[in-house]
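None of the values given here were measured: they were computed from a predicted structure. All chains are named by letter (A, B, ...) in the order of the sequence lines, taking the proteins before the strands, and each is independently numbered beginning at 1. Only this structure's heavy atoms are used, side chains among them; waters, hydrogens and symmetry mates stay out.
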2 protein chains.
Amino acid sequence: MDKQVKDKKTAIMDVALKLFTERGFHGTSTAQISKEAGVATGTLFNYFPTKEDLINSLYFEVKGRLSACIKEGLDSEAPFEGRMKRLWSNFISCGVNKPEEFHFIGQFSSSPYITKITREEAMKEYEFIRALVEEGFRNGEIGNYSMELAMMILYQSSRAVVSLILDTGHLQDTDEIIEEGFEILWRGLAKN
Amino acid sequence: MDKQVKDKKTAIMDVALKLFTERGFHGTSTAQISKEAGVATGTLFNYFPTKEDLINSLYFEVKGRLSACIKEGLDSEAPFEGRMKRLWSNFISCGVNKPEEFHFIGQFSSSPYITKITREEAMKEYEFIRALVEEGFRNGEIGNYSMELAMMILYQSSRAVVSLILDTGHLQDTDEIIEEGFEILWRGLAKN
DNA sequence: TTTTAAAAATTGACTAATCAGTCATTGGTG
DNA sequence: CACCAATGACTGATTAGTCAATTTTTAAAA
């Protein structure tokens, strides 16, 4: 795949990410995407046989990008609380730094399009989060709560914080909000 | 407005709620709605001049229904923690008992289809939640966190718990999950 | 280096289906 | 009869996707 090809494909995916995030899947036509990407309508369908293929390709690409960002520096030998805090902090700063990706994933995973199977498949990318929380349970670092409940509260709270920062424009207060948010979360989840 | 009229209008809104939740705004055509509601396409446009009007009316209606459900029994003279727990418990049981309404609001509250006016109007319905949290701050029941942060974590955590119960079919464990969830939330937010 | 021709990439006019919304007509009720 | 809610065939616009024609790239031959 040479540079020209990669350029067009990348342009299509970049524009698709932007427009899907702004207007939703049904609200964005393939014509709009190809026009804004500066290619002909036919070109889009060379790379992505159907609109659904485009959405799925984009999903895996974006999911991978976020997943890689969140994983950074998580393999340390630090104490459990420190790694949880790193996960929390990564989650939020990745969301804040990649707002389109963040919104896209949020929209995609709660979309009525997505079958249970696809959603479960997507969850595998975040398996390491489950592993970390499970470790916390085994070692008694996290209180005696339902595993799924703790996971959901961790995940959705971090999403809530990203939305708070992005929607209200508190970009300069990010570090402080991360600290405060983790304090709330950790006091809630930790044993004693 | 006689019974006949109310019946048709209600039928349209009921079907619209169901289909919008299943397939999204753009994914649901006015033709599909009128067909499933058992009325002609023209009838839909008698009651709702445009699709956008239908969506906004429905949004307002559904938001009101959920709001009324969540408010139940909240005006008591109970201690602060008890009222917070009641709010939490109401939020979750309303979501679980009205899954279509819950998903509708969640999926579409950030949609461009909903006008700013409708959104601001609908936000007033939840003003009492803000008032309760504010009271907690003033009286030192809630720790010294950012108001918006506490609100967001409360709101999104409760949404997370509803999703957990609905998506995993833990319907019979609802009461237990509400208890556990509140323990996590309250330990996180409360002062000390 | 230049020529050349096959292969690959790109194009946009085109199609059938579907969209939101219209309106002259119909049918039921008081 | 008068009234008006209800109807569904209809419209112009838009949709995802096609494809024959054109341009660009490649690489080997002259």
Side-chain angles (χ1 to χ4, degrees), chain A residues 1-61 104 107-108 111-115 118, chain B residues 1-61 104 107-108 111-115 118:
Chain A
M1 204 178 261
D2 62 21
K3 205 205 293 188
Q4 178 84 330
V5 164
K6 210 171 147 193
D7 279 356
K8 303 238 181 211
K9 195 174 178 182
T10 305
I12 290 166
M13 291 183 89
D14 286 351
V15 169
L17 173 60
K18 186 185 130 209
L19 294 186
F20 283 149
T21 310
E22 275 173 22
R23 314 174 195 183
F25 297 133
H26 275 113
T28 306
S29 69
T30 54
Q32 288 173 317
I33 295 169
S34 39
K35 189 182 175 186
E36 190 142 333
V39 303
T41 63
T43 305
L44 188 151
F45 288 100
N46 276 343
Y47 296 112
F48 310 98
T50 67
K51 190 182 182 182
E52 203 181 308
D53 282 320
L54 170 59
I55 293 171
N56 283 329
S57 299
L58 195 56
Y59 175 74
F60 282 111
E61 164 71 23
F104 180 83
Q107 187 187 339
F108 193 95
S111 164
Y113 278 75
I114 311 312
T115 64
T118 310
Chain B
M1 205 178 263
D2 63 20
K3 207 206 287 188
Q4 178 82 330
V5 163
K6 211 173 148 194
D7 279 355
K8 302 240 180 210
K9 196 173 176 182
T10 305
I12 290 167
M13 292 183 88
D14 286 351
V15 169
L17 173 59
K18 188 185 130 210
L19 295 186
F20 283 149
T21 310
E22 277 173 21
R23 314 174 196 184
F25 287 147
H26 291 280
T28 306
S29 69
T30 53
Q32 288 173 318
I33 295 169
S34 40
K35 189 182 174 187
E36 190 141 335
V39 303
T41 63
T43 305
L44 188 152
F45 289 99
N46 275 345
Y47 296 113
F48 309 98
T50 66
K51 189 182 183 181
E52 201 180 311
D53 283 319
L54 168 60
I55 292 169
N56 279 286
S57 298
L58 194 55
Y59 182 76
F60 197 74
E61 163 70 25
F104 181 84
Q107 274 172 224
F108 303 130
S111 162
Y113 253 115
I114 288 162
T115 65
T118 303

Can you see if the side chain of [X] gets near the phosphate of [N] - specifically, an N or O under 4.0 Å from OP1 or OP2?
{"X": "A/Tyr47", "N": "C/dA9", "value": "no"}
{"X": "A/Lys8", "N": "C/dT11", "value": "yes"}
{"X": "A/Ser29", "N": "D/dT14", "value": "no"}

Is B/Ser34 reaching over with its side chain to a backbone N or O of B/Ala31, donor-acceptor style, under 3.5 angstrom?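 Flag set: sc B/Ser34 to bb B/Ala31 pair under 3.5 Å.
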Between A/Lys51 and A/Phe25, is there a donor-acceptor pair closer than 3.5 Å when you use the side chain of the first and the backbone of the second?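 Checked: pair present.
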What I want to check is whether an N or O donor and acceptor connect the side chain of B/Thr41 with the base of D/dA9 at under 3.5 Å.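 Answer is yes: a donor-acceptor pair is held.
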Do you see a donor-acceptor pair shorter than 3.5 Å between the side chains of A/Thr43 and A/Asn46?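 Short answer, no.
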Please enumerate all residues that pass ring pair (Phe, Tyr, Trp, His ring centres under 6.0 Å) together with B/Tyr59, with sequence neighbours excluded.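 Per chain and number, B/Tyr59 pairs via ring pair (Phe, Tyr, Trp, His ring centres under 6.0 Å) with no residue.
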Which residue lies more 5' along DNA chain D, comparing B/Asn46 with A/Gly27 via nearest heavy atoms: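 Its nearest nucleotide being more 5', the pick is B/Asn46.
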Under 4.0 Å, counting only non-hydrogen atoms across every strand here, what does A/Thr43 touch: a base, just sugar-phosphate, or nothing?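 If one applies the 4.0 Å heavy-atom cut-off, A/Thr43 turns out to touch a base.
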What's A/Ser34 touching, base or sugar-phosphate or nothing? Going by heavy atoms closer than 4.0 Å.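 Contact class for A/Ser34: none.
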Quick one: which of D/dG8, C/dG21, C/dT11 gets closest to the side chain of B/Ala40?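 Looking only at side-chain atoms, B/Ala40 lies closest to D/dG8.
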